[in-house]
Engineer: 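Sharing a structure here in structure tokens format.
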Amino acid sequence: MSRNSMTDRSIPPVIHDVPLPSIPDVSTIYLPNGIRLVMLDSGDTADVTRMTFSWKGGRYDSPKAPASEIASKLITAGSLDMSPHAFADLLDYNGAWLSNELSGHNNAITLFSLNRSLDTLSGVLVDIINRPLFPSREFNTIKEKTASQRATQLKRVTTHAEETDRELSFGDTHPAALRWSPEDIRAIVLDEVITESRRLSGRQAPTVFMAGRITDDILKTATRRLSQLDCDPLEQGHAFIIPATPSPSTHRHTQLPHSLQSAIRITIPTVSRHSPYYEAIRLMTTALGGYFGSRLMTSIREEKGLTYGISAAVYGYHEGAFITITSQCDNRYADRVIEEVEREIEKLSTIPMDSEELHAVKQTATGTMLTMSDTPFNIMDYYIVKHHMNTPDDYFKRQQHAIATLSPELIRDTAARFLADKPRLVSTAGS
């Protein structure tokens, strides 16, 4: 090789912006028992498949939320023909895992399996859903674990600030704001959990999301097993959406005498995910506190050293949407951190950022979108969130367009309109 053909390492490589990703479509079929099967084939990848069963009805729809939390875990604790230990051994032997997730208005069970084991494992799972065992020993174990976890949570300043924030944001009596003690959890009896289990799934036909390498044989296996699920196509799940009623109170503090630090949450109610302004608000929030080099992190953490960490995010619920700023700091600095947040909001809403900061915000948002589309399972997660949160059909394209058209003036104007003069709901906890 001649010297002239060698790479000149004194010249830095050209750096290109990452192109905005796209998200592939999914295919959908309906089974005779009412199940909607949503599929995404990953092509020639590993022979694995993930199936997520999703039913309407979650903790906000329950008259007794702790019972629903326990029920969501106990549902998969064996069937009349298979003990909990035998099912756990079967999963372990086949290199599979199972998870349960209870959200505000949905209950989900996810099975991750090698394709060669899908027939056996999905068949057992369907039998468990059809004929759950509700073993008393596992019930007591799950109940005590849940109560212990709650006791641990209540020792954290962040828990108290977050729960006060939910009271201010949703309303004191809203299902999203109700609090439960470890004693409340320990008082739950098995019959209450069985009732909640039937409410969470019962004979309601779930939506099933399947991603991975879906061959013709795998599709036949899945449809055959899902057709064995005892569903009533006319049975509809119930999600009771109660709109949030933010409190007129602007600041609540929880006194925790022995705490060495304070937790801070500043929440600003905003427009819903269906608003044409929502994506600009999301990017404006990213600039404020959505990445390590954001305004809040740079000023309050790096330059002034007032906090261990600080961030901002926008949350869109069925009940309402909120911009929330969270931080933890030494008790002495809590008031000053709140003051500095206000200064950064004022600057963001009055002075356009420079091109370097705009580029960082765009790249951060693009990177987030890339993680949504880098695996078939992440892509399917997007469709699951879309199903659970009822996001617009063009939600992904809206995000792409917002990033492509973002400008310093748009961030400034969005902050001026949706942050600067809006009421703050401030929740603090500490000494």
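Only a predicted model underlies this, so the values are computations on that prediction, with no experimental measurement involved.
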Engineer: Can you name the residues that form a ring-ring contact (aromatic ring centres under 6.0 Å, His included) with Tyr60, not counting sequence neighbours?
Structural biologist: His105

Engineer: Would you check if the side chain of Thr285 reaches a backbone N or O of Ala313 as a donor-acceptor pair within less than 3.5 Å?
Structural biologist: no

Engineer: Could you tell me whether the side chain of Asn106 reaches within less than 4.5 Å of the side chain of Ser54, counting heavy atoms only?
Structural biologist: yes

Engineer: So that I can tick it off, tell me whether Arg179 and Asp184 are bridged by a salt bridge, with the cut-off set at under 4.0 angstrom between side-chain N and carboxylate O.
Structural biologist: no

Engineer: State which residues pass side-chain hydrogen bond (donor to acceptor under 3.5 Å, both in side chains) with Ser311; sequence neighbours excluded, sorted by chain then number.
Structural biologist: Thr326

Engineer: Are Met51 and Leu118 side-chain neighbours, meaning at least one heavy-atom pair lies under 4.5 Å?
Structural biologist: yes

Engineer: Kindly say whether Asp374 contributes a backbone atom to a donor-acceptor pair with the side chain of Asn378 at under 3.5 angstrom?
Structural biologist: no

Engineer: Residues two or more places apart in sequence or in another chain: which of them pass side chain to side chain contact (heavy atoms under 4.5 Å, CB included) with Pro132?
Structural biologist: Phe134

Engineer: With a 4.5 Å heavy-atom cut-off, do Ser169 and Thr267 have their side chains touching?
Structural biologist: yes

Engineer: Compare every heavy atom of Thr350 with every heavy atom of Arg412, then report the nearest pair and how far apart it is.
Structural biologist: CD-O, 3.6 Å

Engineer: Residues two or more places apart in sequence or in another chain: which of them pass side chain to side chain contact (heavy atoms under 4.5 Å, CB included) with Thr110?
Structural biologist: Arg50, Thr52, Trp97, Ser99

Engineer: Any side-chain heavy atom of Ser299 within less than 4.5 Å of one from Lys304?
Structural biologist: yes

Engineer: Ring-plane angle category for Phe396 and Tyr382, please: parallel below 30°, perpendicular beyond 60°, tilted otherwise.
Structural biologist: perpendicular

Engineer: State which residues pass side-chain hydrogen bond (donor to acceptor under 3.5 Å, both in side chains) with Asn107; sequence neighbours excluded, sorted by chain then number.
Structural biologist: none

Engineer: Are any of the side-chain nitrogens in Glu196 or Arg199 under 4.0 Å away from the carboxylate oxygens of its partner?
Structural biologist: yes

Engineer: So, are Lys73 and Glu138 salt-bridged, with charged N and O less than 4.0 Å apart?
Structural biologist: no

Engineer: Tell me whether the count of non-hydrogen atoms from other residues, nucleotides or ligands lying under 6.0 Å of CD in Glu346 goes above 12.
Structural biologist: no

Engineer: Testing Leu178, Thr146, Ile185 for side chain to side chain contact (heavy atoms under 4.5 Å, CB included) with Pro66, which one passes?
Structural biologist: Ile185

Engineer: Do the side chains of Arg343 and Glu340 get close enough for a salt bridge, i.e. N-O under 4.0 angstrom?
Structural biologist: yes

Engineer: Does this structure show an ion pair linking Lys347 with Glu344, if we count only N-O contacts that are shorter than 4.0 Å?
Structural biologist: yes

Engineer: Give a yes-or-no answer on whether the side chains of Glu279 and Gln399 include a donor-acceptor pair shorter than 3.5 Å.
Structural biologist: no

Engineer: Can a salt bridge be assigned to the pair Asp172 and Arg252 using a cut-off of 4.0 Å between side-chain N and carboxylate O?
Structural biologist: yes

Engineer: Hey, is Arg417 close enough to Asp413 for a salt bridge, meaning N to O under 4.0 Å?
Structural biologist: no

Engineer: Tell me, which pairs form a ring-ring contact (aromatic ring centres under 6.0 Å, His included) where one or both residues lie in residues 173-192, sequence neighbours left out?
Structural biologist: Phe170-His174

Engineer: Would a line drawn from the ring center of Tyr383 to the ring center of Phe209 be shorter than 6.0 Å?
Structural biologist: no

Engineer: Salt bridge or not between Asp119 and Arg225? Use side-chain N to carboxylate O under 4.0 Å.
Structural biologist: yes

Engineer: Kindly give the heavy-atom pair with the smallest separation between Arg59 and Leu102, and that separation in Å.
Structural biologist: NH2-O, 2.7 Å

Engineer: Any side-chain to backbone donor/acceptor pair from Lys422 onto Ile268? Under 3.5 Å, distance only.
Structural biologist: no

Engineer: Does the side chain of Asp393 come within less than 4.5 Å of Lys386's, by heavy atoms?
Structural biologist: yes

Engineer: Between His274 (side chain only) and Asn390 (backbone N and O only), is there a donor and an acceptor less than 3.5 Å apart?
Structural biologist: yes

Engineer: Do Thr207 and Ile35 make a side-chain contact, defined as non-hydrogen atoms from C-beta onward lying under 4.5 Å apart?
Structural biologist: no

Engineer: Quick check: do Tyr395 and Ile23 have side-chain heavy atoms less than 4.5 Å from each other?
Structural biologist: no

Engineer: So that I can tick it off, tell me whether Arg203 and Glu235 are bridged by a salt bridge, with the cut-off set at under 4.0 angstrom between side-chain N and carboxylate O.
Structural biologist: no

Engineer: State, with a plain yes or no, whether a side-chain heavy atom of Thr428 is found less than 4.5 Å away from one of His251.
Structural biologist: yes

